[in-house]
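See structure below.
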Amino acid sequence: MKMWAGRFREPLEPAFERWQRSFPFDQRLLPEELAASRAYARALEQAGALSGEETKTILGGLEQIGKKAAQEPAWVAASDAEDVHHFVELRLIELVGDLGGKLHTGRSRNEQIATDLRLYVRKQISETRARLADLIEAFVARAGELGGTAMPAYTHLQRAEPVLAAHWLLAYAEMFFRDAERLSDCEKRVDVLPLGAGAVAGAPLALDRQAMARALRFARVSANSLDATNDRDFALEFLHGLGFVALHLSRWAEEMALFATSEYGFVRLPDRYATGSSAMPQKKNPDAMELLRGKTGRVLGAATALSVMLKGLPLAYNKDLQESQEPLFDAADTVLGSLEMAAGFLRAIEFDRERMPAAAMSGFLNATAAAGYLAARGVPFRQAHAAVGQAVVYCLEKGKTLEALTLDELRKFRPEFEKDFYEAVKLEAALAAHDVEGGTAPARVERALAAARERVAALRKEADANA
Ligand code: ARG
């Protein structure tokens with residue numbers, strides 16, 4: 001039985017019927033639909049539209065639907081309901097008879113789907129933040145293990161200066177901390193109850209919307225019924241938040257794939273997360289990282305799909321809005337799965353603690369330290385830079401390194417060079433020189449690590465509290 005058959009003389013064209021149904025994908029909103037329906041039934045009772053007895057019967061029916069759905073997923077999947085709202089309506093009438101129809105007094109699917117989606121996004125935000133906490137914990141743990149291990153930092157993908165490998169890992173932790181914060185910021189705008197907005201003009205009965213908001217743990221009620229039923233900004237904002245997570249994952253995945261090549265050789269792929277080639281027996285491929293990188297497309301695509309769907313949409317509810325759901329669900333699932341894989345991979349990977357510092361000691365990575373040495377002796381930095389640059393060219397011609405030059409050779413470029421130069425350009429000294437907040441000096445990184453531990457513990461606590 002359709003929800004709206006009264007006005008129609010003919011049944012739907014079967015192909016159209018199949019094509020317009022959302023139940024195949026919106027059935028995942030059943031827990032949200034049931035929660036919102038419970039809050040609505042109580043509001044109807046309070047408004048005098050349901051008796052105490054009727055309310056009890058309806059609440060009992062809703063509870064049974066939830067239980068049976070949890071025990072028998074096939075029972076849900078087999079339904080030919082148009083959407084999740086229709087499904088609950090049909091099952092409730094089956095269970096409690098015509099009384100079930102009273103739950104729809106003054107209620108529209110337009111506000112129901114808006115409410116369900118907000119409840120869903122709120123749940124996904126805490127889930128995603130909890131998985132972000134897992135991943136950040138993995139970054140922090142691996143950074144802690146690497147201790148004083150150095151590696152080259154790159155700019156323009158050219159070796160630039162030595163840094164601690166822990167400093168490099170903590171750079172990613174920063175990205176994911178921002179992502180967690182961004183999602184929690186977007187939650188403020190998710191936290192609004194649409195229920196009571198009716199189809200478009202507001203419910204035609206005096207419902208206590210504040211009580212419904214309290215029951216569903218929403219901070220506020222919507223201020224305008226047209227906006228409430230048609231607003232999907234919160235979903236778009238969430239998708240943009242997920243887009244950032246995917247972007248950051250893809251950047252890290254790219255670096256891991258590069259660092260696992262024999263050209264870099266900084267990391268060894270864990271067997272558990274790599275795959276072989278059916279053709280080339282020697283191959284071990286970073287498929288996990290490639291998939292992380294590749295999945296970014298669909299997550300960013302979801303935000304684009306939603307933006308384009310919303311563009312030019314007249315107020316208020318239009319069926320176009322149904323198209324927001326599949327990209328939303330897909331992006332949310334994709335990011336959760338990606339975060340889980342990333343954390344597992346990161347915990348399993350092996351860092352080559354010999355090749356990383358070895359790479360940091362070649363390629364003139366101490367040239368900036370050498371220029372700094374001269375600058376500390378009063379040479380204007382531009383002149384110091386030029387002198388060391390000329391010394392590098394000289395080294396390249398002679399096949400030498402800066403620290404292998406004799407004092408006489410060095411003094412051809414600047415007279416200020418002294419014996420203590422050789423200490424100043426050692427890896428340890430070059431690292432220690434970056435003794436500034438946020439810099440790579442070991443003592444600074446130690447403090448950054450301690451701070452990251454505290455921050456991730458706080459994030460974990462918040463995510464758990466909202467779960
Ligand atoms: N399945 C619909 C959606 O996702 C529910 C709302 C339908 N409302 C309507 N007036 N047809 O948008």
Side-chain angles (χ1 to χ4, degrees), residues 1-8 10-13 15-37 39-40 65 69 76-77 79-92 100-101 103-124 190 192-204 216 222 224-236 238-239 302 305-333:
M1 177 64 179
K2 284 264 170 256
M3 295 163 280
W4 36 260
R7 194 233 172 274
F8 287 74
E10 271 190 305
L12 279 189
E13 176 68 33
F16 175 57
E17 162 91 64
R18 280 194 301 278
W19 184 73
Q20 59 105 41
R21 286 177 74 219
S22 55
F23 193 59
F25 49 85
D26 71 12
Q27 54 183 268
R28 68 155 76 200
L29 296 174
L30 185 60
E32 286 77 15
E33 175 70 9
L34 291 172
S37 293
Y40 195 78
I65 297 172
V76 180
S79 168
D80 60 0
E82 182 176 323
D83 55 26
V84 67
H85 324 293
H86 189 207
F87 175 78
V88 173
E89 177 168 339
L90 291 173
R91 299 291 84 91
L92 189 64
L103 181 57
H104 304 283
T105 314
R107 191 171 70 150
S108 159
R109 284 183 295 154
N110 300 352
E111 58 183 333
Q112 285 174 254
I113 187 61
T115 305
D116 294 356
L117 286 175
R118 284 176 182 273
L119 289 169
Y120 167 80
V121 169
R122 191 173 72 187
K123 184 175 77 186
Q124 290 303 123
V190 176
V192 179
L193 173 83
L195 223 47
V200 62
L216 294 168
S222 56
N224 181 293
S225 58
L226 283 100
D227 179 52
T229 44
N230 127 304
D231 173 30
R232 294 295 182 275
D233 294 356
F234 67 92
L236 181 56
F238 171 59
L239 285 176
L306 215 65
S307 304
V308 177
M309 183 275 285
L310 289 171
K311 182 198 169 289
L313 202 69
L315 281 172
Y317 180 84
N318 296 274
K319 190 77 167 231
D320 313 41
L321 289 168
Q322 183 169 289
E323 286 296 306
S324 63
Q325 295 185 33
E326 283 166 291
L328 175 65
F329 299 151
D330 181 66
D333 292 344

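For the numbers below, each heavy atom of this structure counts, side chains included, while hydrogens, waters and symmetry mates do not. Start at 1 and go down the list; that is how both ligands and their atoms are numbered.
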- Query: Parallel under 30°, tilted from 30 to 60°, perpendicular over 60°: which one fits the rings of Tyr120 and Phe329?
  - Reply: perpendicular
- Message: I'd like to know whether CD of Gln27 has more than 12 heavy-atom contacts from other residues, nucleotides or ligands below 6.0 angstrom.
- Response: yes
- Query: Which residues satisfy the salt bridge (charged side-chain N to carboxylate O under 4.0 Å, His left out) test with Asp231, sequence neighbours excluded?
  - Reply: Arg118
Are there any N/O pairs under 3.5 Å between ligand 1 and the protein, and if so, what are their distances?
from	atom 1	to	atom 2	distance (Å)
ligand 1	1 (N)	Ser22	OG	3.1
ligand 1	1 (N)	Asp83	OD2	3.3
ligand 1	1 (N)	Gln322	OE1	2.8
ligand 1	4 (O)	Gln325	NE2	2.7
ligand 1	8 (N)	Asn110	OD1	2.9
ligand 1	10 (N)	Asn110	OD1	3.0
ligand 1	11 (N)	Arg109	NH2	3.4
ligand 1	12 (O)	Tyr317	OH	2.4

- Task: From the options Arg109, Arg18, Arg21, select the one residue that forms a salt bridge (Lys or Arg N to Asp or Glu O under 4.0 Å) with Glu82.
- Result: Arg109
- Please name the pair of heavy atoms, one in Asp116 and one in Ala36, separated by the smallest distance, quoted to 0.1 Å. OD1-CB, 4.0 Å
- Would one find more than 12 heavy atoms of other residues, nucleotides or ligands at under 6.0 Å from atom NZ of Lys311? no
